[in-house]
Asks: 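Have a look at the structure that comes next, please.
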Amino acid sequence: MTAKKLINRTIIYALLILMAAIFLIPVYMTTVTALKTRDETTLATAWNPPDLPLNFSKFQEAFEYFGPSLGNSFALVGTATILSALLGSINGYVLAKWRIPGERFLFPLMLFGMFLPYQAILIPLFEFMSDLGLYGGIPGLVLIHVVYGIPITTLIFRNFYVEIPDEMLEAAAIDGAGFWQIYTDIVFPLSLPGFVVVIIWQFTQIWNDFLFAIFMTTEGNQPITVPLAELSGGEAVDYNLTMAGAILAALPPLLVYIVMGRYFIRGLLAGSIKG
Amino acid sequence: MRSRNDRIIAGIMLLPSVILILVFVYGFIFQTIRTSMTDWGENLDNPAMALQVEKNFVGLENYRELMTDPMQFEFRTSMVNTFFFTILFVVGCVFVGFMLALLLDMNVKFEGVFRTIFLFPMALSLVVTGTIWRWLLQPEGLNALPNRLFGLEPYTFNWLSSRKRVLEFDWNDVPMYLTYIGLFILAILAFNYFAKRRWRSMGIVAGLGGILVFLYAVGFWENNIWPQLGITNREGTFIPTPEPKGYQVALSGIVIAAIWQMAGYTMAMFLAGIRGISEELREAARVDGCSEFGVYWRIVLPQLTPVAISAVIVLGHISLKIFDLVFAMTGRQNFQTIVPGIMVYGAFDTNRYATASAIAVIMLVLVSLVIVPYLWTQLRSRES
Amino acid sequence: MKRRLSLFLILALFVALVGATNAQEDEDLSGQLEIFSWWAGDEGPALEALIALYNEAYPNVEVINATVTGGSGVNARAVLKTRMLGGDPPDSFQVHAGEELTGTWVVAGRMEDLTFLYEENGWFDAFPQDLIDLLTYDGGIYSVPVNIHRSNVMWYSPAHLEEWGIEAPTSWEQFLTETCPTLQEAGVTPLVVGEAWTVNHLWESVALGVLGADGWNGIWTGETDPMGDDMIAVWDTFGDVLACSNIDEDAAGLSWQQAIDKVLAGEAGFNIMGDWAAGYMVTTLGLEPGEGFGYMPAPDTAGVFMWLSDSFGLPNGIANRDNTIAWLTLLGSVEGQNAFNPLKGSIPARVDAVEAAPELYNAYLQSAAMDWSENTLVGSLVHGAAANERFMGEFGQVVEIFRQAGSLAAANAMSTICIQSGACG
């Protein structure tokens, strides 16, 4: 019995470690490549660990190359995340706690936006944004992300607010609290975990977006994914610089994920509706 | 009871979002559909890039062209690629994800660490994933690994530029295959009803099968939905042209990268599903003499079916929309790995915006076929 | 009445004054100037030299150098379209002279006629008439050409040729019967190609070789039948040439620079690429023309110069029109062309620029300038001179059809896109 169990356990851990190793291969290769020069990444040496002391010159180069777009990404994500969380919170509150005519119809209509292939709205989106005078810049991109973020943020907040007992709200209403007062006094203070989930989710989504970024921004306003894709698909590809850039682009969402992984998973699961 | 006044305020607060969604989602979809039925970029007399483009209504002409024009073979390749990509990607993710979830459910130490490792690619941008894997699939990358680890000969496989195609078939034969598949499914159903002695249902199924065979035999698909490809020569005779399609081996690298990115997501879904099954139920089964394997087979697996369906749907719709990953890994000029999302972008080279819109609408329809029934059942089951 | 008149006079004076200050500001421009191009990486320094020159003259103008990487503008053109559709034209953008300029932008009414600029600067004599003709649409001239590149050049490494004991072939016949088997026996790729567009680039040199200059021009005037025997011969030869290449191996993953690298490293014998390759080898790799690398016209195309030209125009509805006009004036000047071209590795579009400062141009460029003035000139297909964008964009599919189904199918496909795009006369 114990011997058999030991063997079982060993197999389980061996499999887990093997899988973890496979999942981490790209991380190793990326890091190692970013810490080397072009001469050190030949067929024979590409997998070798970098020479000591570590060579950070590619990161320096990447910072120069990606600096402006990194700044754009932060500006974009900062604004769009907060705005879409606030909007989602109010929508979720309305849908969870107030009877709205046509709600049964409106909610799925909204949710469909979450799955929309954005190619199907791109060309009209251009025309509309340029009519508004918002094409090409960060503010326009913020608007786009806030709008197309409505379905998921609304969904997460609605599911979250459904858990708040109706009696609490009724009690407040009897005390004379109105729509806003119930929100500010009861719902909002209870919302912190919901906000964390939504903010993390929107942060990673918007940071990682490429489609809107490449279609809807002009030079100088581009978030980091655009120059990264261009560099990697460009001419004489400098993979060392590209990998350093990939790490720069990956770090912010990764840090968020590692620090607040639990909330990230909740956002992830909400994407499959049930949550 | 909360006051009527407040309910009006609540409605007003929801209104901006509703309007934004109506405009940005449904309004724009409507416009794209309309554009797809014009000749924007198709009519040589009206410059496509003019400030005020003259667009004429042409009905379904652009769709017909996508299905029949010999020069639109790239679009048809992109459809075939999407088909294979979706199957491999979904099956791969579900398989790897389920395996990982099972392993993590075995009361392992450092579960959190392992979970973090398997799930972290989800936090990355598809562009980052694509960039990294593009490098890994260079000759210096994975191909050299067996050599570095075990001293084996390095592969010389061209991951992203191979022109090899396996599982070849002719595009013109697709209606035939679909008919076969349809008949096969109907046969299973009919047999099922036969076994249950439900004669009426069996009759209906048999009738459907008959209709299917009839439609195929009279050339309904070829004449209306899936026209045969060919060229009309100068004498006016129609010469059919075969159009070989198949699984492009060059897609494999992209599939692997995509599974690496999304397998953790399926794992998280399955893990949440498994943890949702009460321990008492599993314990009861063990007491009844079920082996540990039996517990998973009899108790856990059936309960995970809804989770698996969710996973398949979400992954499936992601793969129908895939764009960033392919863009970052093989760019826009690679005929082997073309997908519809890239083709929409490619229309900007040739100024064919109406055709691009038609492709986008086809993507939308495919995604809707997957998503709408899912949304409907999800929301209905929630209400009950 | 009198009062009114004086009021009018004061007003007129005021307007005149304001006008005068405006005129003064013209001397000393300010604001921004956004220049959109695909000259990134190795091709960047030439553009930067021009920008430096511009900033010397107009220190108060902030120049935004917007580049989108991707050879031959594959990504840049798509980005440009999104910007134009979005109603946000850059102040000036790079565009190939010829159909790419006229067929897409001029017919769409997006460009301003520059005839006034040509008159002011006396450019009618400075640029060859053939070139001006391709910038002209309906009587207006719509861009200022900066440079001339040659498409039909074959590159090799003299040292390696000596090592293999071969000479550069002057005809496709010779390449196929002598060069290719010899090199294949030596384990060398006879001809290296890269990603999709470089294969198309090879095609236009093969086609020019097989058809000759008149036959090539005939494609665009309708005199050469895209399904005729001559075209079939083009595709057959193209197939034979590709069989001597790396097309089924690593081609799709190689940029043009990497393809050139293979030639220099002795892994491949020859490469056919535009003469920006000379710029890469001289400026980036520091090689000496004739010694570090060798060049000659692509087989069977001696005496014919297949050209392409990068040019910049004046889009309608931009914010910084005066700055752009100053930029275009600089581009068209001898000074501007001589600042740009030696670094870019191209020859000036102006006929009088090289003789003004021959010492700036290396041996390759001097020979190219000579050819430019003496050879028969034909426009490039892949680089926007000969055919409109629809044809250009779909030509890649013709090549793909050829690779799947052979010459006849390709000829068929080409005649289809000829009709669909209206590019063949």
Side-chain angles (χ1 to χ4, degrees), chain A residues 12 15-16 19-20 23-24 26 29-30 33 41 43 46-47 87 90-91 94 98-100 106 108 110-113 115-117 119-121 123-125 147 150 173 178-179 204 208 210-211 225 228-229 232-233 239 242-243 246 249-250 253-254 257-258 261 264-265 268-269 271-274, chain B residues 2 6-7 9-11 13-14 17-18 20-21 24-25 28-29 31-32 35 100 103 106 108 114 116-118 120 122-125 127-128 131-132 134-136 139-141 144 148 265 268-269 272 310 314 317 321 323-324 327-328 331 341 344 353 357 360-361 363-364 367 371 375 378-379:
Chain A
I12 289 170
L15 277 175
L16 275 173
M19 288 307 288
F23 268 76
L24 289 175
M29 195 59 169
T30 307
T33 309
T41 34
L43 258 175
W47 287 87
L87 196 59
I90 291 173
N91 289 342
V94 172
W98 296 83
R99 294 228 160 273
I100 300 295
L106 276 179
M110 262 189 174
L111 283 189
F112 180 74
F115 302 100
L116 179 73
Q119 277 88 352
I121 46 91
I123 294 172
L125 184 63
V147 171
I150 288 175
F179 177 85
T204 49
N208 291 339
F210 176 65
L211 188 68
T225 45
L228 181 64
S232 110
Y239 275 109
T242 314
M243 289 305 118
L254 262 189
Y257 163 69
I258 288 170
F264 177 77
I265 295 174
L268 207 60
L269 296 178
S272 58
I273 313 287
K274 270 215 164 140
Chain B
R2 281 162 265 166
D6 282 333
R7 277 179 61 189
I9 296 178
M13 290 322 294
L14 192 65
S17 296
V18 172
L20 284 173
I21 291 289
F24 277 73
V25 176
F28 289 174
I29 287 177
Q31 240 178 313
T32 303
T35 304
L100 293 176
L103 285 172
M106 302 279 180
V108 290
F114 281 117
T116 307
I117 290 174
F118 296 140
F120 88 90
M122 256 322 274
L124 302 182
S125 163
V127 170
V128 171
T131 307
I132 291 175
R134 186 186 177 120
W135 168 228
L136 276 169
E140 296 91 341
R148 302 290 298 147
Y265 169 65
M269 284 180 78
S310 289
V314 172
H317 108 278
K321 298 198 294 195
F323 167 75
D324 321 22
F327 191 102
V344 174
Y353 301 103
S357 301
V361 171
M363 287 175 73
L364 177 72
V367 168
I371 288 299
L375 263 181
Q378 284 282 305
L379 291 173

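Numbered from 1 within each chain, the chains take letters A, B, ... in sequence-line order.
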Asks: Is it the backbone or the side chain of A:Ile150 that comes under 4.5 Å from a heavy atom of chain B, or both, or neither?
Replies: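 Answer is side chain: those atoms of A:Ile150 sit under 4.5 Å from chain B.
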
Asks: Give the member of B:Trp135, B:Phe118, B:Phe114 that has the highest number of heavy-atom pairs under 4.5 Å with chain A.
Replies: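 Most pairs with chain A among the choices: B:Trp135.
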
Asks: Side chain, backbone, both or neither: which part of A:Tyr257 has a heavy atom under 4.5 Å from chain B?
Replies: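 Contact with chain B involves the side chain of A:Tyr257 alone.
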
Asks: Based on non-hydrogen pairs under 4.5 Å, which of B:Thr131, B:Val344, B:Leu100 is most in contact with chain A?
Replies: B:Thr131

Asks: Could you tell me which of B:Gly141, B:Gly11, B:Ala272 has the largest number of non-hydrogen atom pairs under 4.5 Å with chain A?
Replies: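 The option with the most such pairs is B:Gly141.
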
Asks: I need the single residue from B:Ile21, B:Val25, B:Leu20 that forms a side chain to side chain contact (heavy atoms under 4.5 Å, CB included) with A:Met110. Which is it?
Replies: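 Exactly one option meets the side chain to side chain contact (heavy atoms under 4.5 Å, CB included) with A:Met110, and it is B:Ile21.
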
Asks: Out of B:Val367, B:Val128, B:Ile371, return the one with the most heavy atom pairs under 4.5 angstrom to chain A.
Replies: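 Counting heavy-atom pairs under 4.5 Å, the top option is B:Ile371.
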
Asks: Is there side-chain contact between B:Leu375 and A:Phe112, with heavy atoms separated by less than 4.5 Å?
Replies: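 Yes; the side chains approach each other to less than 4.5 Å.
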
Asks: Go through A:Ile123, A:Ile100, A:Val147, A:Leu15 and name the one with the most non-hydrogen pairs under 4.5 angstrom from chain B.
Replies: A:Val147

Asks: Mind checking ring pair (Phe, Tyr, Trp, His ring centres under 6.0 Å) for A:Phe179 and listing every partner two or more places apart, or none if nothing turns up?
Replies: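 Result, ring pair (Phe, Tyr, Trp, His ring centres under 6.0 Å) vs A:Phe179: A:Tyr93, A:Trp98.
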
Asks: Is any side-chain heavy atom of B:Thr32 less than 4.5 Å from a side-chain heavy atom of B:Val361?
Replies: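 Yes, their side chains come closer than 4.5 Å.
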
Asks: Based on non-hydrogen pairs under 4.5 Å, which of A:Thr30, A:Leu106, A:Leu125, A:Leu87 is most in contact with chain B?
Replies: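 Of A:Thr30, A:Leu106, A:Leu125, A:Leu87, A:Leu125 has the most heavy-atom pairs under 4.5 Å with chain B.
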
Asks: So which part of B:Leu103 gets closer than 4.5 Å to some heavy atom of chain A, the side chain, the backbone, both or neither?
Replies: both

Asks: Among B:Val108, B:Ile9, B:Ile29, B:Thr35, which residue has the highest count of heavy-atom pairs closer than 4.5 Å to chain A?
Replies: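 Sorted descending by pairs with chain A, the first entry is B:Val108.
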
Asks: May I ask you to decide if the ring planes of B:Phe323 and B:Phe327 are parallel, tilted or perpendicular, using 30° and 60° as cut-offs?
Replies: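 Tilted, since the angle between the ring planes falls between 30° and 60°.
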
Asks: Mind telling me whether B:His317 and A:Phe115 have parallel, tilted or perpendicular rings, with 30° and 60° as the class edges?
Replies: perpendicular

Asks: Tell me, with the steps shown, if A:Leu116 and B:Lys321 meet side chain to side chain contact (heavy atoms under 4.5 Å, CB included).
Replies: CA-CA 9 Å; A:Leu116 179 73; B:Lys321 298 198 294 195; 5.8 Å; no

Asks: Heavy atoms only, distances under 4.5 angstrom: which of A:Gly178, A:Pro253, A:Ala120 has the most pairs with chain B? Name it, please.
Replies: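 Max contact count across the listed options: A:Ala120.
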
Asks: Can you tell me how far CG of B:Leu136 sits from OH of A:Tyr239, rounded to the nearest 0.5 angstrom?
Replies: 10.0 Å

Asks: Is A:Met243 close to chain B through its backbone or its side chain, or both, or neither, when contacts mean heavy atoms under 4.5 Å?
Replies: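 When you check distances to chain B, only side chain atoms of A:Met243 fall under 4.5 Å.
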
Asks: I'd like to verify something: which residue of A:Thr33, A:Ile258, A:Ile90, A:Thr204 has the highest number of heavy-atom pairs under 4.5 Å with chain B?
Replies: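 Sorted descending by pairs with chain B, the first entry is A:Thr33.
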
Asks: Name all residues meeting the side-chain contact (heavy atoms from CB on, under 4.5 Å) criterion together with A:Leu24; count only those two or more places apart in sequence or in a different chain, and write none if there are none.
Replies: A:Val27, B:Ile117, B:Phe120

